[in-house]
Colleague: 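Sharing a structure with you now.
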Amino acid sequence: MTVNDEGVVAGVRPPRLRAGDRVRLVAPCSPVPEPMLESAAEELRRWGLVVEFGAHVRDRHPVLPYLAGADADRAADLQDAWCDPDVAAVFCVRGGDGAHRTLDLLDFAALRAAVPKALIGFSDVTALHEAFSVELGVATVHGPVIGTKYFVGDPVAQEELRSTLFEPERRTVLTSPGAHALVPGRAEGVLFGGNLSLLNDGLGTPHSRASAAGGILVLEDIGEDVARLDRMVTHLLRTGWTTGLAGVVLGTWTDCPPGPGVIADLMRERLTPLGVPVLWGLETGHCAAQLTVPLGIPALLDAENGVLELAVPGLA
């Protein structure tokens with residue numbers, strides 16, 4: 001039995017980080033280049049954190065090069081990090097592929113018994129965000145996968161993540177210069193979501209959300225053309241999964257041809273019939289200077305003013 005069988009409800013907020021905390025770096029998805037891994041670890045040390053590496057964080061799958069080691073080893077690293085009472089946060093070093101395979105090998109009863117902590121990542125990590133929300137009832141952090149260009153060498157993204165983790169009360173109003181309404185209005189709900197492809201692929205599978213009711217859905221993607229985005233959004237709508245959705249926040253659509261104008265037209269055409277506010281252009285996802293967005297947190301979406309306001313800080 002899952003914690004959240006239906007709809008989107010607020011999760012238990014993990015504690016904020018403090019200097020001296022131990023954190024663990026894991027690779028539940030695709031492999032991370034060694035120079036990126038070391039650069040990311042050094043940045044976290046500058047924050048005053050004690051950095052540990054998962055036993056298999058540097059692994060490569062012997063046959064499938066897009067996976068960071070064997071499924072069982074990736075799952076074991078994630079589970080060990082979450083269940084270690086001395087670890088204050090779990091940083092995913094890479095997205096890519098493989099998170100759904102990792103989920104199948106997690107012991108959710110053991111994870112449920114552990115004290116909640118921050119789980120950080122995006123893209124393929126969306127599958128983990130959803131599962132930890134549904135199965136564990138915890139809030140998580142949609143932020144950079146730290147062993148990539150979305151963190152290493154990006155001081156804005158680094159500070160967004162650092163301040164969210166250490167000083168979350170400073171990060172309760174989220175906006176971007178170009179954010180504007182595709183569909184005007186205001187709505188209250190609980191933030192959830194992430195990568196459109198991962199949400200679509202997970203629909204109807206174990207550890208995935210049965211309904212989006214009561215939620216403010218955050219969506220972004222990379223490398224998908226408008227026709228494929230259309231199919232994915234249409235699939236979510238046709239299943240009835242979006243019934244009761246409170247609002248939608250659309251992030252970045254990097255390398256999604258033919259370009260953002262057509263993608264915006266698609267989203268307006270598909271989402272307007274829901275009758276909920278839709279915000280376009282929050283700079284979260286596959287982009288430079290990425291905004292960190294806490295998930296599982298109640299929020300107010302004010303589409304006309306381009307603002308997402310958290311009702312409480314993302315971490316306690």
Side-chain angles (χ1 to χ4, degrees), residues 14-61 66-99 101-103 105-106 111 114-129 131-132 136 138 140-155 157-166 194 290 292 294-295 315:
R16 70 186 62 200
L17 296 187
R18 292 175 171 82
D21 280 345
R22 290 173 57 204
V23 299
R24 188 81 54 83
L25 276 54
V26 300
C29 310
S30 290
V32 59
E34 181 67 22
M36 287 286 195
L37 181 63
E38 290 299 331
S39 295
E42 186 55 36
E43 180 61 27
L44 297 186
R45 293 187 188 106
R46 282 192 284 270
W47 296 358
L49 298 172
V50 178
V51 177
E52 301 177 350
F53 297 98
H56 302 281
V57 72
R58 295 178 172 87
D59 283 5
R60 301 291 190 274
H61 194 283
Y66 53 87
L67 296 176
D71 294 350
D73 291 336
R74 299 197 315 278
D77 273 9
L78 176 58
Q79 182 154 322
D80 289 347
W82 186 264
C83 292
D84 187 332
D86 294 324
V87 170
V90 181
F91 289 84
C92 298
V93 297
R94 175 87 194 278
D97 298 283
R101 294 172 59 133
T102 299
L103 284 176
L105 299 176
L106 293 175
L111 296 175
V115 175
K117 59 198 65 177
L119 174 72
I120 302 112
F122 84 111
S123 195
D124 198 54
V125 181
T126 296
L128 303 180
H129 289 310
F132 278 49
L136 311 183
V138 299
T140 58
V141 180
H142 186 279
V145 278
I146 62 171
T148 70
K149 67 179 181 180
Y150 300 109
F151 181 80
V152 174
D154 189 331
Q158 290 170 357
E159 177 55 22
E160 278 283 327
L161 181 57
R162 190 206 65 80
S163 60
T164 298
L165 296 176
F166 283 81
Q290 176 186 157
T292 295
L295 302 177
L315 282 78

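Not measured: the values here are computed from a predicted model. In what follows, every heavy atom counts, from backbone to side chain, and hydrogens, waters and symmetry copies are set aside. Throughout, numbering of the chain's residues begins at 1 and tracks the sequence.
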Colleague: Does a side-chain heavy-atom distance below 4.5 Å link Pro85 with Val115?
Modeller: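 Of all side-chain heavy-atom pairs linking Val115 with Pro85, none is under 4.5 Å.
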Colleague: Tabulate below the donor-acceptor pairs under 3.5 Å that side-chain atoms of residues 141-150 make, not counting sequence neighbours, or state none.
Modeller:
residue, atom, partner, partner atom, Å
His142, ND1, Thr284, OG1, 3.4
Thr148, OG1, Val145, O, 2.7
Thr148, OG1, Tyr150, N, 3.2

Colleague: Kindly give the heavy-atom pair with the smallest separation between Ala81 and Lys117, and that separation in Å.
Modeller: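 The pair with the smallest heavy-atom distance is O-NZ, 3.2 Å.
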Colleague: When you measure from the side chain of Arg94 to the backbone of Val32, do you find a donor-acceptor pair of N or O atoms at a distance under 3.5 Å?
Modeller: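 Answer holds: no.
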Colleague: Of all the heavy-atom pairs spanning Val125 and Cys29, show the shortest one and how long it is.
Modeller: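 Minimum heavy-atom separation between Val125 and Cys29: CG2-SG, 4.2 Å.
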Colleague: Can you confirm whether Leu128 sits close enough to Cys92 that some side-chain heavy atom of one is under 4.5 Å from a side-chain heavy atom of the other?
Modeller: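 Result yes, sub-4.5 Å side-chain heavy-atom pair found.
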Colleague: Would Arg101 and Leu67 count as a side chain to side chain contact (heavy atoms under 4.5 Å, CB included) if you check the C-alpha gap in whole Å, the side-chain angles of each, and the deciding distance to 0.1 Å?
Modeller: CA-CA 10 Å; Arg101 294 172 59 133; Leu67 296 176; 3.7 Å; yes
Colleague: Taking the side chain as everything from C-beta on, heavy atoms only, tell me whether Leu161 gets closer than 4.5 Å to Phe91.
Modeller: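 They are in contact (side-chain heavy atoms under 4.5 Å apart), so the answer is yes.
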Colleague: Shortest non-hydrogen contact from Trp82 to Pro116?
Modeller: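 In terms of heavy atoms, the two residues are closest at CZ2-CA, 3.8 Å.
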Colleague: Rounded at 0.5 Å granularity, tell me how far CZ in Arg46 sits from CD in Glu43.
Modeller: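 So the gap between those two atoms works out to 4.5 Å.
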Colleague: Are any side-chain N or O atoms of Thr126 and backbone N or O atoms of Gly194, one a donor and one an acceptor, separated by less than 3.5 Å?
Modeller: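 Checking the backbone N and O of Gly194 against the side chain of Thr126, no donor-acceptor pair under 3.5 Å is found.
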Colleague: Between atom CG of Asp21 and atom CZ of Arg16, what is the distance when rounded to the nearest 0.5 Å?
Modeller: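 Output value for this atom pair is 11.5 Å.
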Colleague: Donor-acceptor check, side chain of Gln158 to backbone of Phe151, threshold 3.5 angstrom: yes or no?
Modeller: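 Yes; judged by distance alone, with no hydrogens or angles, the pair exists.
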Colleague: Mind checking whether Val90 and Leu78 have side chains closer than 4.5 Å, heavy atoms only?
Modeller: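 A side-chain contact under 4.5 Å exists here.
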Colleague: Whether the side chain of Arg74 engages the backbone of Gly69 through a donor-acceptor N/O pair (distance < 3.5 Å, no angle test) should be reported.
Modeller: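 Yes; judged by distance alone, with no hydrogens or angles, the pair exists.
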Colleague: With rounding to the nearest 0.5 Å, note down the distance linking CD in Glu52 to CG in Leu25.
Modeller: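 Between atom CD of Glu52 and atom CG of Leu25 there are 9.5 Å.
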Colleague: Carefully, step by step, assess Cys83 and Leu111 under the rule side chain to side chain contact (heavy atoms under 4.5 Å, CB included).
Modeller: CA-CA 6 Å; Cys83 292; Leu111 296 175; 4.0 Å; yes
Colleague: How many angstroms lie between atom CG of Asp80 and atom NE2 of His56, to the nearest 0.5 angstrom?
Modeller: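 Between Asp80 CG and His56 NE2, I get 8.0 Å after rounding to 0.5 Å.
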Colleague: Take Leu44 and Val50, measure what side chain to side chain contact (heavy atoms under 4.5 Å, CB included) needs, and give me the verdict at the end.
Modeller: CA-CA 8 Å; Leu44 297 186; Val50 178; over 6 Å; no
Colleague: Any side-chain to backbone donor/acceptor pair from Asp77 onto Pro28? Under 3.5 Å, distance only.
Modeller: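 A pair under 3.5 Å: no.
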Colleague: So do the side chains of Phe53 and Arg58 get within less than 4.5 Å of each other, counting heavy atoms only?
Modeller: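 Heavy-atom side-chain distance check passes, below 4.5 Å.
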Colleague: Where do Leu17 and Phe166 come nearest, in terms of heavy atoms and distance?
Modeller: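 Scanning both residues, the minimum pair turns out to be O-CD2, 3.3 Å.
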Colleague: Once rounded to the nearest 0.5 Å, what's the spacing between atom CG of Leu49 and atom CZ of Arg18?
Modeller: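 Those atoms lie 12.0 Å apart.
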Colleague: Would you find a donor on one side and an acceptor on the other, under 3.5 Å apart, between the side chain of Thr102 and the backbone of Ala75?
Modeller: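 Not confirmed, Thr102 side chain does not pair with Ala75 backbone.
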Colleague: Test side chain to side chain contact (heavy atoms under 4.5 Å, CB included) on Thr292 and Phe122 and set out the steps.
Modeller: CA-CA 9 Å; Thr292 295; Phe122 84 111; over 6 Å; no
Colleague: How far apart are the closest heavy atoms of Ser39 and Val152, and which atoms are they?
Modeller: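 That would be CB-CG1, 3.8 Å.
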Colleague: Rounded to the nearest 0.5 Å, how far apart are CD of Gln290 and CG of Asp154?
Modeller: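 Rounded to the nearest 0.5 Å, the CD-CG separation comes to 8.5 Å.
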Colleague: Please name the pair of heavy atoms, one in Asp124 and one in Ala99, separated by the smallest distance, quoted to 0.1 Å.
Modeller: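 That would be OD2-N, 2.8 Å.
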